[in-house]
Student: 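What follows is a single structure, and I will ask about it in a moment.
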Amino acid sequence: MEPVSRRHFLVGSTAGLAGILATRVPPARGQVREVSYLCWNNFAPASDKKMAEIGQRFTKDTGIKLKIDHISHMGPQQSKYASEVQTQAGHDLVEMRMHFPWLYEPQLVDVSDVVAGLEKQYGKALSSSYEGAHVNGVWRAVPQYHGMFVAAYREDLFKKASLKVPDTWEELYTVGKELKKMGNPVGIPISQNYDSISTAGPVLWSFGGMEVDKDGKTVKINSPATAQTIEWYKKMFKDCMEPEVLSWSDASNNESLQQGKAGWIHNPVSAYIIAKQKKLVTADGINHHRSLGGPSGRHETDTPRHIGIWKFSKNVEPAKEWIKYLIGNKANYDEYIMAGDAFNLPAYEKLADHPVLRTDAKYAALRGEGVQYHTYGWPAPPSDKVQLITNTYLLPNMIAKAVTGTSTKDAMAWAESEMKKILAG
Amino acid sequence: MAVASRPLLTKLTKHLLLVPFLVFALFPFYHMTITSLKQDRELYDRNAVPLVIKQGPTLEHYSKLLWDTEFLTWTKNSLMVTALATFVSVVIGTIAAYALARLKFFGVAAFGTGIFVTYLVPTSLLFLPLAQVVNWIGLADSKWALVLTYPTFLVPFCTWLLIGYFRTVPKEIEECAMVDGATRIQALWSIVLPIAVPGLICAALFAFTLSWNEFIYALTFTSSSDQITASVGVTTELIRGDIYFWGSLMAGAVLGSVPIVVLYVFFLDYYVSGLTQGAIK
Amino acid sequence: MAVRADELAVTRSRPGVLGRLRVWLDREPVLGPVLVTPALLLLLLLVAYPFVMALYFALSNSFIGRPSEFIGIRNFVKLWDSDVFRQTFQNAFVFTGIAVIFKIVLGICLALLLNEQLWLKRLIRGAVLLPWVIPTALSTLGWWWMFNSLYSVVNWTGIALGIMSPPGPNWLGQAYYAMAAVITVNVWRGLPFFAITILAGLVAIPKELYEAAEADGAGANARFWHITLPLLKPVLAVVVLFSTIFTFSDFNIVYVLTHGGPINSTHLFATLSRQIGIDTGRLGEGAAISLYLFPLLAFVVWVQLRFVRKQQF
């Protein structure tokens, strides 16, 4: 191994470093109209490709250059946002998932004007989008689309065993017992992942319970409704599910349904779509039905996504133009939604019954008649303290404790004290 | 029992004792490789045997990885960043190690201890203020940021290793040369370094591995798909929401470790002897 | 490879700035700092400065994107009240303690074996190094697939071999099993480093010592405990030091396999810090979690280095 001549190395690297620094000097403001957009790697790759296409048309039509970067959602996404906020530099537009606008509120531009324009065209934004993106009286992000949870089940197995499609959580228990006997148990995760919260929430809400009240200050987890929820989970865990649900990740319930084990799961349509794409044997037997209800109504988890603009961006106006082009232009918006295969649905009322729902008969249940959609922590506004409650998985952990032996009373008391500590701190 | 067969029996026993270790080390790798060659149909079949491919192997995961994603670009980035970071770290580590091993000057002991303290600060915390520093220097969203920041966790270990290694080079050789008129720098360059080549290779291999595996700095300091490294790219592209493209992910794992293994097998003897000299002195 | 005397003579006779520079650089008090400066600069700018900032985060109520104020050690004190944090504290010690002990014991065994005259030596050593070489982000995904409750190859093999009854343990869903699983992955990944480093130490032990002991009638056991182990101490000390630090601050394994669960039973400092600091924006608390062990680790480092230094001189 010939050592590099030291002089050559020094000269080369100094010149190199100077060159690098030179090229990083940003262009003078106003010279080039350019915006950059960071969004997640959409579960439907086709919709990412479509967005890139629309982006190119945008550049042609307006002369504004658009750079779209993707990132894995949850985890990497938050690290990235944290560092962009910390350094006050990065992308102009960022995808805001669910209640992120509350977390990053001081850093997001007020986009109420853009939303007002869109609402005039398409009707009001959905309540879950409003919950997530409308912070303290101001729209901090523009609702883009949403993907809600729904019940996915093996219709063929149900038919074979003449099981009734459940409409309430209680009915799910009745049906679930049979399913487990058939070897196709219900699959609801009870672990430290977001899918667990996405199911525990609706069950709790349907029984009339809540974690924190809508004043955002009062912990209401210790209540008869919660006790009912825990009892329901206990009997589900014993009679309708298998202990493996305690170890599940966000992907596990999809995979359990896809490879033929689970008979019923609670998930967005991603499970079915992938089964269809990969031509798995179970694909034909999967169908969806409307979200389940309880004594206090029919509640469901929704994951709305919005587009926000960082305050430190030097291209706020061009950024707004991109949003208006993608969402405000109906032809573009329709194209974009169609590319998402019903995983991305429009976030505005008048578009709720979108043609994409008719591309496959199995999407009928996504119309969600009579269902109320919420984001995590409802009815409390998702302040950062409430988000900490969500992010520490207090709700699933409380249930996990209860199904593995802790008494319902003790589990609730634990959850209550932890939540109180978080709200107090 | 014949005396002649005793050594053979002992040798066999020793090899047999190695088997559990080899199984433990290689089994996951074997499983990852099998997974990357299985068809989706078999991957998602819960009644399938996980250890063998029954329904015929497929290269579709590899082709999806190589042609449908920018895997080749990411690998190129990884290689470039790793090679440069390794080179920079070994150079800086070498000169620092020489100074700490041979020379007496103000603060030598403090510095020697100080470089270890850098390992106590976890990168999962450091990345955030470091992002600010990187941004001030003007290297945001660039793989050059990685070349700049990777040495922070590579230099300390390289330095420690090379200090030990330099100490094993007999002082007399250098002193001879200096009596003959060479300066210290010349002595270092022409005498000590050639003898220490195994130690240098060892430090380089260690640095290469750590750089290649690094994730969080790569994630934070690069965004554009033409700047990101292999492990960031693979996990970003192939984990979409709650969908994991297992076949291609495992293909990424296999392809992401092959170059390093090749490197290691080549230089392994140097590596072991490098640590021999460095670690114990 | 020595420099020829006439070349040196040529060098010496070159006068002028360059010559004087060479002479100046030749003085130890000058050369030393000069050679050390690049490393020093690198570490000052890119480690010390960010570390001070991280320290500031920990001592303030820092939140992502919001102005912050100094609050002293309140974060550290408040953390101790949290059930989750206390559990994490315990987890970290259990995880690190067990993992490092396994790595020491197995590392020594493996190193002893690798030290022998083996067939296919290069291949075996290469194979043993493989776990350390695979990118961590991807190998942990591989392990997730292996422990996956639906397709677990670990369970399948166990059942096939008859040592487990179906369906096999719920590895990542039960508290103790989950900890065992993450420790296993950590040992899998860290064992090569231990083995190869200890091997290097073994190779350096002079054969004469063994021969002399054997001549004196010492058995293999005695040779190991009275010769091998004592002479390995310096190597072991440094390897254990590095490994302890890296294991305490491990992030990837727990994050990918269990996200800290079930019920926080596998949370480590790094994963909890990420959950609270980055995911929820509370940088102050996140930094405090990460730095909680800093004084302890600094002390451990200091003690170890003094011990190692003593052996060296």
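Protein chains get the first letters and strands the later ones, always in sequence-line order, with residue 1 at the start of each.
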Student: List in chain and number order the residues that pass ring-ring contact (aromatic ring centres under 6.0 Å, His included) with C:F251, two or more places apart in sequence or in another chain; answer none if no residue qualifies.
Tutor: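 C:F251 satisfies ring-ring contact (aromatic ring centres under 6.0 Å, His included) with C:Y255 only.
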
Student: Under 4.5 Å heavy-atom distance to chain C, tell me which part of B:E214 shows up: side chain, backbone, both or neither.
Tutor: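 For B:E214, no heavy atom lies under 4.5 Å from chain C.
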
Student: Identify all side-chain donor-acceptor contacts of residues 91-101 of chain B below 3.5 Å with residues at least two apart in sequence or on another chain.
Tutor:
| residue | atom | partner | partner atom | Å |
| --- | --- | --- | --- | --- |
| B:T94 | OG1 | B:V90 | O | 2.5 |
| B:Y98 | OH | B:E174 | OE2 | 2.4 |
| B:Y98 | OH | B:R184 | NH1 | 3.3 |

Student: How many angstroms lie between atom CD1 of C:I64 and atom CG of B:L128, to the nearest 0.5 angstrom?
Tutor: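 If we round to the nearest 0.5 Å, C:I64:CD1 and B:L128:CG are 6.5 Å apart.
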
Student: Can you tell me how far the CZ atom of B:F206 sits from the CZ atom of C:F193, to the nearest 0.5 Å?
Tutor: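 The CZ atom of B:F206 sits 5.5 Å away from the CZ atom of C:F193.
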
Student: Can you see which heavy atom on C:L46 is nearest to which on B:L148, and at what distance?
Tutor: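 So the minimum-distance heavy-atom pair works out to CD1-O, 3.4 Å.
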
Student: What distance do C:C109 atom SG and B:L17 atom CG have between them, rounded to the nearest 0.5 Å?
Tutor: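 With rounding to 0.5 Å, SG (C:C109) is 9.0 Å from CG (B:L17).
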
Student: So which of C:L130, C:L232, C:T184 has the largest heavy-atom pair count under 4.5 angstrom toward chain B?
Tutor: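 Maximum pair count with chain B is reached by C:L130.
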
Student: Measuring from atom OG1 of B:T152 to atom CG of C:L44, what distance do you get when rounded to the nearest 0.5 angstrom?
Tutor: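 With rounding to 0.5 Å, OG1 (B:T152) is 12.5 Å from CG (C:L44).
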
Student: Indicate yes or no for a side-chain donor-acceptor contact from B:W212 to the backbone of C:V133 under 3.5 Å, with no hydrogens or angles considered.
Tutor: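 Not at all, since once roles are kept as given, no pair shorter than 3.5 Å links the two residues.
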
Student: Please determine, among B:V155, B:L130, B:V234, the option with the most heavy-atom pairs under 4.5 Å with chain C.
Tutor: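 Max contact count across the listed options: B:L130.
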
Student: To the nearest 0.5 angstrom, please state how far the CD1 atom of C:I278 sits from the CZ atom of B:F127.
Tutor: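 If we round to the nearest 0.5 Å, C:I278:CD1 and B:F127:CZ are 3.5 Å apart.
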
Student: What closest approach, in Å, do B:W246 and C:L141 show between heavy atoms, and which atom pair accounts for it?
Tutor: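 Closest pair (atom of B:W246, atom of C:L141, distance): CZ3-O, 3.5 Å.
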
